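Down below is the structure, laid out as structure tokens.
These numbers come from a predicted model, not from an experiment.
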Amino acid sequence: MGRNSQRRRSARAARAADNLRPDLSEISRVRTQKRLRADIATWMENPSKGPGGSFLEGEHPSDPAMVMATLMAWLVGAREQITEEQAREAVRWVSDNLGIQHDDLLQAAGFIGHPDAPNLTLNQAMESYGDPMAFVLSMVLLSGGLVAAVGGADPDWLKQFDLAT
């Protein structure tokens with residue numbers, strides 16, 4: 001067997017092995033989506049308690065960029081399917097159950113099409129909260145509000161907006 005033939009076989013074997021290894025970004029994406037939905041599911045069982053933070057805790061916390069991407073996909077995806085009134089209902093539900101002022105949610109509520117929200121870019125909305133974690137929390141709250149107000153309190157309703165591979 002010639003040297004070129006061995007190289008081609010080695011290259012094919014390496015490509016085949018690469019195809020068997022999971023894409024770490026896919027693992028991160030799926031894990032993050034599941035954790036966020038699980039936190040919202042726990043929250044739906046006791047709305048006055050608020051969302052959990054398992055996606056940020058534990059031995060293997062979720063990648064913050066993947067958390068942000070997942071939440072943005074859910075909010076922007078929902079915006080395409082819900083009405084302005086449903087966006088209002090989602091914000092109202094969060095406010096009523098957690099005692100959070102509407103104005104504190106409105107900076108991020110533009111992403112779900114709330115008619116009273118300012119028209120902000122992602123960076124502007126994040127800056128308006130002053131802290132990236134406060135912005136992420138507001139997106140989690142809005143996602144839960146959408147699940148409660150539009151999704152029948154079933155966090156799997158968000159799956160339709162999951163990031164795809």
Side-chain angles (χ1 to χ4, degrees), residues 25 27-165:
S25 63
I27 291 171
S28 176
R29 176 183 53 81
V30 171
R31 182 184 307 143
T32 299
Q33 292 169 164
K34 283 182 178 179
R35 284 181 174 174
L36 285 165
R37 277 193 301 272
D39 282 345
I40 291 171
T42 300
W43 181 22
M44 292 298 112
E45 293 171 6
N46 186 359
S48 64
K49 184 178 178 186
S54 73
F55 62 94
L56 296 172
E57 301 167 347
E59 192 174 313
H60 303 287
S62 297
D63 174 19
M66 191 59 68
V67 169
M68 181 80 75
T70 297
L71 292 167
M72 284 302 299
W74 288 352
L75 297 178
V76 173
R79 177 186 184 138
E80 299 298 317
Q81 290 191 13
I82 67 171
T83 66
E84 288 181 352
E85 185 53 35
Q86 288 172 317
R88 277 191 177 103
E89 289 173 24
V91 170
R92 193 176 311 118
W93 185 90
V94 172
S95 181
D96 290 350
N97 281 282
L98 297 179
I100 296 173
Q101 297 297 316
H102 282 83
D103 292 347
D104 293 338
L105 293 169
L106 284 181
Q107 303 303 313
F111 295 116
I112 63 170
H114 193 291
D116 299 330
N119 188 17
L120 302 176
T121 66
L122 175 62
N123 286 338
Q124 291 169 329
M126 197 176 326
E127 288 171 8
S128 73
Y129 283 92
D131 174 20
M133 282 310 300
F135 179 62
V136 167
L137 177 59
S138 69
M139 292 195 305
V140 171
L141 294 174
L142 288 172
S143 296
L146 286 169
V147 166
V150 184
D154 180 5
D156 284 342
W157 176 81
L158 292 167
K159 283 184 178 183
Q160 64 187 310
F161 311 118
D162 278 352
L163 294 167
T165 56

- Note on the structure: The side chain to side chain donor-acceptor pair (under 3.5 Å) partners of Arg79 (sequence neighbours excluded) come to none
- Message: Can a donor-acceptor pair be found, under 3.5 Å and without considering hydrogens, that links the side chain of Ser95 to the backbone of Ile100?
- Response: yes
- Item | Contact summary for Ala78 and Trp157, nearest pair of heavy atoms | CB-CH2, 4.1 Å
- Query: Going from CG on Leu158 to CG on Leu146, what distance comes out if it is rounded to the nearest 0.5 angstrom?
  - Reply: 7.5 Å
- So salt bridge (charged side-chain N to carboxylate O under 4.0 Å, His left out) across residues 94-113, not counting sequence neighbours, yields none
- Message: Contact between Trp93 and Pro47 at the side-chain level, heavy atoms closer than 4.5 Å - yes or no?
- Response: yes
- Check Thr32 against Asp63 and note the closest heavy-atom contact, atom names and distance. OG1-N, 4.4 Å
- Task: Kindly determine whether Leu36 and Trp74 satisfy side chain to side chain contact (heavy atoms under 4.5 Å, CB included), including the steps that lead there.
- Result: CA-CA 11 Å; Leu36 285 165; Trp74 288 352; 3.5 Å; yes
- Query: Taking the six-membered ring for Trp, are Phe111 and Phe135 parallel (under 30°), tilted (30 to 60°) or perpendicular (over 60°)?
  - Reply: perpendicular
- Query: Can you name the nearest heavy-atom pair linking Glu84 to Gly113, along with the distance?
  - Reply: CG-O, 3.7 Å
- With rounding to the nearest 0.5 Å, note down the distance linking NE2 in His114 to CG in Leu142. 9.0 Å
- Message: Are Ser143 and Leu75 packed together at the side-chain level, in the sense that at least one heavy-atom pair is separated by less than 4.5 angstrom?
- Response: yes
- Message: Any non-hydrogen side-chain atom of Arg37 less than 4.5 Å from a side-chain atom of Asp156?
- Response: yes
- Query: side chain to side chain contact (heavy atoms under 4.5 Å, CB included) between Asp162 and Val30: does it pass, once the steps are laid out?
  - Reply: CA-CA 9 Å; Asp162 278 352; Val30 171; over 6 Å; no
- Task: For the pair Arg88 and Asp116, evaluate side chain to side chain contact (heavy atoms under 4.5 Å, CB included) and give the outcome as yes or no after the intermediate values.
- Result: CA-CA 9 Å; Arg88 277 191 177 103; Asp116 299 330; 4.0 Å; yes
- Query: How far does CD of Glu45 sit from CD1 of Ile40, to the nearest 0.5 angstrom?
  - Reply: 12.5 Å
- Would a 4.5 Å heavy-atom cut-off, applied to side chains only, mark Gln81 and Gln86 as touching? no
- Query: Looking at CD of Gln107 and CD of Gln124, how far apart are the two atoms once the value is rounded to the nearest 0.5 Å?
  - Reply: 10.0 Å
- Query: Do other residues, nucleotides or ligands put more than 12 heavy atoms under 6.0 Å from Asp131 CG?
  - Reply: yes
- Message: Set out, in order, the CA-CA distance, both residues' side-chain angles and the distance that settles side chain to side chain contact (heavy atoms under 4.5 Å, CB included) for Val67 and Val136, then state yes or no.
- Response: CA-CA 8 Å; Val67 169; Val136 167; 4.0 Å; yes
- Measure across Ala109 and Ala117 and return the closest heavy-atom pair with its distance rounded to 0.1 Å. C-CB, 3.8 Å
- Task: With rounding to the nearest 0.5 Å, note down the distance linking CD1 in Ile112 to CD1 in Ile82.
- Result: 5.0 Å
- Message: Return the CG to CG distance between Leu98 and Leu141, rounded to the nearest 0.5 Å.
- Response: 6.0 Å
- Closest non-hydrogen atom pair between Ala153 and Met44, with its separation: O-CG, 3.8 Å
- Testing Gln33, Arg29, Arg31 for side-chain contact (heavy atoms from CB on, under 4.5 Å) with Met66, which one passes? Arg29
- Item | Ala108 backbone acceptor or donor facing Tyr129 side chain under 3.5 Å | yes
